[in-house]
K.L.:
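The structure is given below, and queries will be raised subsequently.
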Amino acid sequence: MDSSTQSTKALVVDSATGEVVARGQAPHTVGGGSDGTGKESVPEQWWEALTEALRQCGTPAREAAAISVGGQQHGLVTLDAAGRSVRPALLWNDVRSAPQRDRLIEELGGPKAWAERVGSVPAPAFTVTKWAWLMENEPEAARTTAAVRLPHDYLTERLTGYGTTDRGDASGTGWWASGTESYDEEILDRVGLSPELLPRVLRHGEAAGTVRELPDLPLPTGALVATGTGDNMAAALGLGLRPGQPVLSLGTSGTVYAVSAHRPTDPTGVVAGFADTRDAWLPLACTLNCTLAVDRIATLLGRDREAVEPGGSAVLLPFLDGERTPHLPHASGLLHGLRHDTTPGQVLQAAYDGAVFALLTALDQVLDADAAPDAPLLLIGGGAKGTAWRETVRRLSGRPVRVPRAEELVALGAAAQAAGLALGEDPAAVARRWATAEGPSYGPVPRDEAALERLSQVLASADGLLRHS
């Protein structure tokens, strides 16, 4: 299962071959909260969508040996004593908790202390900041809360009846300390949250339970339920990543990550020091402006998104929604270096360059000394299908590129986790046996040092302007 922000997808996968034998999908709705500024969903809708997606899978779902749920990270689910949601869940992209985030970082020793303690400098996406917001703004809802869950935890608990989570998704809360691999009671005490309200963190390979008998649930009672995990961890598992293998995910936002044997502690906040689903780590960095921003530039120019042209001196930093990496939350897009002979296609190519430059800069901070400098970049997400995206990544990185054929990687990763539990195998090895990362490969080309230098110079020179746009 892949329970994302907008919908839930179900895949039924043959554990021996990785063949998808059935699939289903059902939508969710996202609201803005009472003031219209938030991002919220009713958790019971996720359960209804999960049930409907499974129903669409037909007989294969009713024959499943094991199930696992990959879910959107960071969301705050508050449940009452009867297991009903106290209020709609605060989603990862609800940033109303930015003031609480700033205060928490200051009160507990600053960015470096947070990075060393929990592995990440919390962003407003992180669950700990959302609980602090709830305590301040809706204290009655906080008092009524008898259990706090992440989105995937909520669905797993509906399946099994037990409150559990995994280290991967827990590492995005801000109250799970990567240094001790346990809940941090000082942080919980600071935000007024009892550890008794939190789910038990299961070990790699441990079962969350079995499917209980539930009316209208098209799954076999007694089927194994794996721990589940967050969506980024599930996608990494779905690719069967080995340490040091870099991934660029090209979607509305851009994401770069790699499995690492070393615990990340980046005090700048660029790299989130997540755990993976197993016993390693998943350092990850995110940019806000990727495919949607470049498509917007193409629309403004009246051109197809693939209608790029080489050459010219234009530099375009497509930070249309502010930017997270580099940390420029108030920035807007910036275009520099226009000449009389600059063509629309060159401006569009400059937009691709700006977006990919930000991703590759983030990737340099994600990868550690164990990562081979010539390892192929795995391109996933909607943008990976685009020739302009692929060729821009090749030209600016100087690395070989591979585009995996497998899609729906979050659901595939959950399926690999479920198969690993049922078969007693390493789920990453299961995914590799399924050849999920295989696809067309493209060799390296000489890195475009001139373009990289232009981008670096413009970004440095415009720093003051970008911080106050």
Side-chain angles (χ1 to χ4, degrees), residues 1-4 8-25 46-47 49-51 53-72 150-162 164-169 199 201-212 214 217-241 276-279 406-436:
M1 310 298 301
D2 170 12
S3 183
S4 66
T8 292
K9 299 175 185 176
L11 297 184
V12 184
V13 182
D14 185 308
S15 62
T17 65
E19 177 191 0
V20 177
V21 298
R23 51 170 37 92
Q25 182 171 355
W46 304 336
W47 178 252
L50 179 146
T51 303
L54 286 169
R55 190 175 294 117
Q56 293 173 19
C57 293
T59 300
R62 292 190 290 273
E63 297 174 344
I67 183 171
S68 177
V69 179
Q72 53 179 309
L150 295 165
H152 110 258
D153 306 341
Y154 168 78
L155 293 170
T156 301
E157 187 169 359
R158 290 289 297 259
L159 289 168
T160 66
Y162 300 107
T164 62
T165 191
D166 85 303
R167 68 193 289 272
D169 216 0
V201 183
L202 299 175
R203 297 185 301 275
H204 164 52
E206 205 172 346
T210 58
V211 175
R212 54 185 174 155
L214 294 167
L217 180 66
L219 284 173
T221 302
L224 287 169
V225 180
T227 62
T229 193
D231 51 7
N232 287 301
M233 298 80 192
L237 190 60
L239 289 166
L241 291 186
D276 75 349
T277 61
R278 298 159 68 237
D279 51 10
E407 299 181 349
E408 298 170 324
L409 287 165
V410 174
L412 275 176
Q417 189 183 63
L421 178 64
L423 300 173
E425 295 184 33
D426 175 4
V430 170
R432 288 194 288 271
R433 188 176 74 235
W434 293 349
T436 52

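Because the structure is predicted, anything quoted here is derived from the model rather than measured.
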K.L.:
Side chains of T229 and L237, heavy atoms from C-beta outward: is any pair under 4.5 Å?
P.N.:
no
K.L.:
For E407, I'd like to know if atom CD has over 12 heavy atoms of other residues, nucleotides or ligands within 6.0 Å.
P.N.:
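Result for CD/E407: open.
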K.L.:
Measure across G230 and D166 and return the closest heavy-atom pair with its distance rounded to 0.1 Å.
P.N.:
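For G230 versus D166, the nearest heavy atoms are N-OD1, 4.3 Å.
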K.L.:
As a quick check of understanding, evaluate side-chain contact (heavy atoms from CB on, under 4.5 Å) for D426 and R278, giving each step before the final call.
P.N.:
CA-CA 9 Å; D426 175 4; R278 298 159 68 237; 2.8 Å; yes
K.L.:
I'd like to check the side-chain hydrogen bond (donor to acceptor under 3.5 Å, both in side chains) partners of Q72; sequence neighbours left out, ordered by chain and number.
P.N.:
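Result, side-chain hydrogen bond (donor to acceptor under 3.5 Å, both in side chains) vs Q72: none returned.
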K.L.:
Please find the pair of heavy atoms, one from V410 and one from A234, that lie closest to each other, and give the distance.
P.N.:
O-CB, 3.6 Å
K.L.:
So, taking the atom named CE in M1 and the one named CG in L219, what distance separates them when rounded to the nearest 0.5 Å?
P.N.:
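The CE atom of M1 sits 7.5 Å away from the CG atom of L219.
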K.L.:
Please list, chain by chain and in numerical order, all residues satisfying side-chain hydrogen bond (donor to acceptor under 3.5 Å, both in side chains) with R62, sequence neighbours excluded.
P.N.:
T59
K.L.:
Restricting to non-hydrogen atoms, name the atom on T8 and the atom on S3 that form the minimum distance, rounded to 0.1 Å.
P.N.:
OG1-OG, 3.4 Å
K.L.:
Do W47 and L217 come within less than 4.5 Å of each other through their side chains, counting heavy atoms only?
P.N.:
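SC-SC contact between W47 and L217 confirmed.
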K.L.:
Can you name the closest pair of heavy atoms from Q417 and T277 and give their distance?
P.N.:
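Looking at all heavy atoms of both residues, the shortest contact is NE2-CB, 4.1 Å.
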K.L.:
Any donor and acceptor pair, going by atom type alone, linking the side chain of R212 with main-chain N or O of R158 inside 3.5 Å?
P.N.:
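It does hold such a pair.
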K.L.:
T165 versus H152: any side-chain heavy-atom pair under 4.5 Å?
P.N.:
yes
K.L.:
So, D276 and R167, do they make that salt bridge, N to O below 4.0 Å?
P.N.:
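Yes, charged N to carboxylate O under 4.0 Å.
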K.L.:
Could you tell me the separation between the CE atom of M233 and the OG1 atom of T227, rounded to the nearest 0.5 Å?
P.N.:
11.5 Å
K.L.:
If every non-hydrogen atom of R432 is compared with every non-hydrogen atom of G240, which pair is closest and at what distance?
P.N.:
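Minimum heavy-atom contact is NH1-O, 2.9 Å.
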K.L.:
On a heavy-atom basis, which atom in A10 and which in C57 lie closest, and how many Å separate them?
P.N.:
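In terms of heavy atoms, the two residues are closest at CB-SG, 3.8 Å.
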K.L.:
Atom CG of D169 and atom CG of D231: how far apart are they, to the nearest 0.5 Å?
P.N.:
7.5 Å
K.L.:
Find the distance between CG (D2) and CG (L409) and round it off to the nearest 0.5 Å.
P.N.:
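So the CG of D2 and the CG of L409 are separated by 10.0 Å.
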K.L.:
In Å, rounded to the nearest 0.5 Å, how long is the span from OG1 of T51 to CH2 of W46?
P.N.:
14.5 Å
K.L.:
Is the shortest heavy-atom distance from the side chain of W434 to the side chain of V13 under 4.5 Å?
P.N.:
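Heavy-atom side-chain distance check passes, below 4.5 Å.
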K.L.:
CD1/I67 to CG/L224 distance, rounded to the nearest 0.5 angstrom?
P.N.:
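It is 11.0 Å, given to the nearest 0.5 Å.
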K.L.:
Any side-chain to backbone donor/acceptor pair from R55 onto G24? Under 3.5 Å, distance only.
P.N.:
no
K.L.:
Pick from T160, L155, V69: which one makes a side-chain contact (heavy atoms from CB on, under 4.5 Å) with V225?
P.N.:
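In the set T160, L155, V69, the residue that makes a side-chain contact (heavy atoms from CB on, under 4.5 Å) with V225 is T160.
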K.L.:
Can you tell if the side chain of L421 reaches within under 4.5 Å of the side chain of S68, non-hydrogen atoms only?
P.N.:
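Not touching, per the 4.5 Å side-chain cut-off.
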K.L.:
Does any N or O in the side chain of Q56 come within less than 3.5 Å of the main-chain N or O of Q25, such that one atom is a donor and the other an acceptor?
P.N.:
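A pair under 3.5 Å: yes.
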